[in-house]
Amino acid sequence: METAIVKRVSSTLLVGACAGMLAGCGPTMLPLATDVGKLPVKKEPVSVALVIPEQTKGATRILDVSCGGTYTIPVGLELTEGMLQGLAQAFDSVSLVTAKPAQPGEYDFVIEPALPDLAIEGNCAARRWLWLLFPVKLFYNPADRFEAQTELRATVEDRTGRAIVDDTFRSERHVRENISGGVSTVPIADVLRISMADAIQRLTVGIAGTAEYRSSARKGRSSPGSSPIPETIVVSDVDDLPAVTAPSQQHRYAIVIGIEQYRQRLPKVDYAARDAQVMREYLVKALGYPEENVVTLVNQNATKTDIEKYIERWLPNHVDRNSSVFVFYSGHGAPDPKTSEGYLVPYDGDPTFLEVTGYPLKRLYGQLGQLAAKESFVVLDSCFSGAGGRSVVAKGTRPVVVMTESPALTSGKTVVLSASGGDQVSNTYGPKGHGLLTYFFLKGLKGEADANQDRLIDVEELFAYLKPSVEATARREYNSEQTPQLIGEPSVLKRLNLIGSTVR
């Protein structure tokens with residue numbers, strides 16, 4: 001028994017060594033088994049052809065990971081399996097084809113991805129030598145660190161053959177460390193698999209967020225000749241991006257959160273997920289935010305832990321003194337009846353136990369105030385009064401008036417745009433398929449807020465447009481008072497051009 005164990009361990013170490021650690025060993029095939037996980041999209045009765053030629057499906061790529069070794073990646077197979085898995089969550093019918101259909105109209109969408117561009121860096125710890133029972137010298141790495149990023153380019157055509165997407169989707173830079181003290185290639189495989197899954201997720205969510213996808217879903221054509229389903233999806237005028245876009249600005253970072261469905265069976269926040277998806281499109285495709293600098297958290301991906309991780313770890317690790325930060329939240333807010341403090345309600349939040357399951361606004365503002373960034377802009381399409389709409393309170397408690405002001409806003413570098421006053425309701429604008437604040441925020445960015453016609457929009461100009469628009473619509477459509485609030489140090493407001501961009 002002991003002999004068998006020694007043989008198995010020796011064999012494993014030798015394979016690990018030949019994975020690039022010893023001179024003379026060739027590149028080792030490193031299968032990834034990419035798993036894109038559950039995506040924040042709703043499957044719709046829409047058909048898609050996924051175009052991956054045989055030569056693409058069988059393609060491999062050799063990566064030389066510096067001190068980590070040389071590996072052959074079955075990138076074509078990983079792309080195929082990952083795309084099928086991701087698209088199946090958004091489309092009712094996914095057909096894998098080797099060439100683009102000769103005639104338009106056979107499918108609602110034709111998606112043709114290119115081979116992913118994989119980038120990986122290895123930062124290996126100082127080597128230690130390990131001798132086995134036979135004279136073979138192996139490397140022993142106590143803590144290797146690998147970083148990977150995947151770029152995935154894809155084109156998407158609609159039924160008419162018109163290109164609606166031609167873009168590159170970049171994953172974040174993912175990091176994995178080998179802290180097991182062995183020579184296993186697992187950290188390299190893990191980081192490559194995660195980065196590729198991230199890029200595929202971004203591509204799928206990006207397609208599902210387009211107005212064309214929502215329009216096709218509304219028509220309900222799962223296959224030629226099928227009967228339309230009831231029209232349940234609203235196609236809004238703000239879902240189409242501004243015609244002219246701003247150049248990419250590497251110093252801009254954003255966290256976009258939309259929570260429509262909650263684990264605790266709280267009332268649904270209609271269109272909150274869509275708010276987040278369209279806001280992300282504006283940021284990346286129109287407002288100059290690099291795709292890798294925008295984190296989107298929707299529904300089950302917006303737990304308290306997720307929110308804490310990106311606000312309190314990801315942002316501090318990325319921004320510097322030249323950075324601008326944008327935080328958008330669409331979902332339930334809630335008041336603490338004991339302290340009158342306002343809370344964001346994460347996907348796994350429980351209004352009965354806000355202190356341990358909610359994310360306090362005071363904490364959000366404090367974290368942003370501590371960043372090295374020169375400025376932060378927060379947009380809250382929620383309310384914290386407990387009076388209804390986009391606010392919830394624990395069962396059996398009475399609503400309280402909650403103010404969203406904080407010392408961090410009067411003496412720092414953070415500005416907050418809140419959907420309503422402290423004792424008001426924040427409404428969902430059903431006819432336009434968005435939160436009321438989000439709708440006029442986006443409409444302003446499309447050019448309506450450019451009062452001085454200088455082709456730029458700053459925060460004060462945007463607020464001057466959306467405040468009366470929200471107020472008038474709330475009175476007319478819902479017989480309620482909703483007055484957006486812009487809170488922050490006046491000097492910050494004057495210099496804040498966080499979302500300024502060419503608008504037409």
Side-chain angles (χ1 to χ4, degrees), residues 15-37 49-88 94 96-100 111-124 139 141 144-156 165-178 183-207 290-292:
V15 171
C18 284
M21 300 298 184
L22 292 177
C25 292
T28 297
M29 183 66 75
L30 191 64
L32 306 183
T34 298
D35 181 1
V36 301
L50 174 61
V51 183
I52 300 184
E54 288 297 335
Q55 62 268 30
T56 299
K57 186 176 180 180
T60 61
R61 181 156 297 169
I62 296 178
L63 291 180
D64 185 356
V65 193
S66 172
C67 57
T70 303
Y71 303 94
T72 299
I73 312 298
V75 64
L77 182 60
E78 296 291 341
L79 171 68
T80 303
E81 297 300 323
M83 287 291 295
L84 285 172
Q85 183 186 143
L87 295 176
V94 181
L96 180 63
V97 298
T98 58
K100 189 188 311 185
I111 302 174
E112 190 168 6
L115 281 172
D117 185 10
L118 308 177
I120 187 166
E121 298 177 4
N123 183 11
C124 303
F139 294 116
N141 304 326
D144 292 341
R145 182 176 188 270
F146 301 99
E147 295 187 24
Q149 185 175 43
T150 298
E151 291 189 359
L152 178 56
R153 185 166 191 86
T155 58
V156 182
V165 173
D166 185 3
D167 205 352
T168 298
F169 300 85
R170 298 178 183 84
S171 73
E172 294 182 36
R173 290 185 65 86
H174 293 274
V175 179
R176 283 295 180 272
E177 293 186 357
N178 177 16
V183 295
S184 171
T185 61
V186 169
I188 300 176
D190 282 348
V191 76
L192 284 170
R193 178 172 60 244
I194 293 169
S195 71
M196 186 175 290
D198 186 358
I200 293 173
Q201 287 176 350
R202 291 170 183 266
L203 185 152
T204 306
V205 172
I207 296 172
E291 186 172 5
E292 64 271 19

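Fair warning: this is a prediction, and the values are worked out from it, not measured in the lab.
Between the side chain of Glu147 and the main chain of Arg173, no donor-acceptor pair closer than 3.5 Å is present.
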What pairs of donor and acceptor atoms, side-chain ones from residues 55-63 against any protein atom, are under 3.5 angstrom apart with sequence neighbours left out?
unit_1 : atom_1 : unit_2 : atom_2 : d
Arg61  : NH1    : Pro116 : O      : 2.5

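At a cut-off of 3.5 Å, with distance as the only test, no side-chain donor of Thr98 or Glu54 sits close to an acceptor on the other residue.
Partners of Glu172 according to the side chain to side chain contact (heavy atoms under 4.5 Å, CB included) rule, which considers only residues two or more places apart in sequence or in another chain, are His174, Asp198, Arg202, Val295, Tyr310, Trp314. The salt bridge (charged side-chain N to carboxylate O under 4.0 Å, His left out) search around Asp166 returns Arg153, not counting sequence neighbours. The salt bridge (charged side-chain N to carboxylate O under 4.0 Å, His left out) search around Glu151 returns Arg170, not counting sequence neighbours. Annotation: salt bridge (charged side-chain N to carboxylate O under 4.0 Å, His left out) contacts of Glu291 (sequence neighbours excluded): Arg280. Qualifying salt bridge (charged side-chain N to carboxylate O under 4.0 Å, His left out) partners for Glu112, counting only residues two or more places apart in sequence or in other chains: none. For the side chain to side chain donor-acceptor pair (under 3.5 Å) test, no residue two or more places apart in sequence or in another chain qualifies with Ser171. Among residues two or more places apart in sequence or in another chain, the side chain to side chain contact (heavy atoms under 4.5 Å, CB included) test is passed with Ala154 by Pro113, Leu203.
When all heavy atoms are compared, the tightest approach of Thr72 to Pro74 is O-CD, 3.8 Å. Residues Phe169 and Gly206 share a closest heavy-atom pair of CE2-CA, 4.4 Å. Nearest heavy atoms, Val97 versus Ala49: CG2-CB, 4.2 Å.
Screening Val191, Val75, Leu152 against Met196 for a side chain to side chain contact (heavy atoms under 4.5 Å, CB included) leaves a single residue, Val75. Here the options are Leu87, Val51, Leu50, the test is side chain to side chain contact (heavy atoms under 4.5 Å, CB included), and the partner is Leu96; only Leu50 passes. Partner of Ile111 under the side chain to side chain contact (heavy atoms under 4.5 Å, CB included) criterion, out of Val165, Thr204, Ile207: Ile207 alone.
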### Task
Test Thr34 against Glu78 for side-chain hydrogen bond (donor to acceptor under 3.5 Å, both in side chains), laying out the working first.
CA-CA 6 Å; Thr34 298; Glu78 296 291 341; 2.9 Å; yes
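One finds the OG1 atom of Thr80 at 12.5 Å from the CD atom of Gln85 (value rounded to the nearest 0.5 Å). Expressed to the nearest 0.5 Å, how far CD of Glu81 lies from CD1 of Ile52 amounts to 9.0 Å.
Annotation: side chain of Leu192 is in contact with side chain of Ile73 (closest heavy-atom distance under 4.5 Å).
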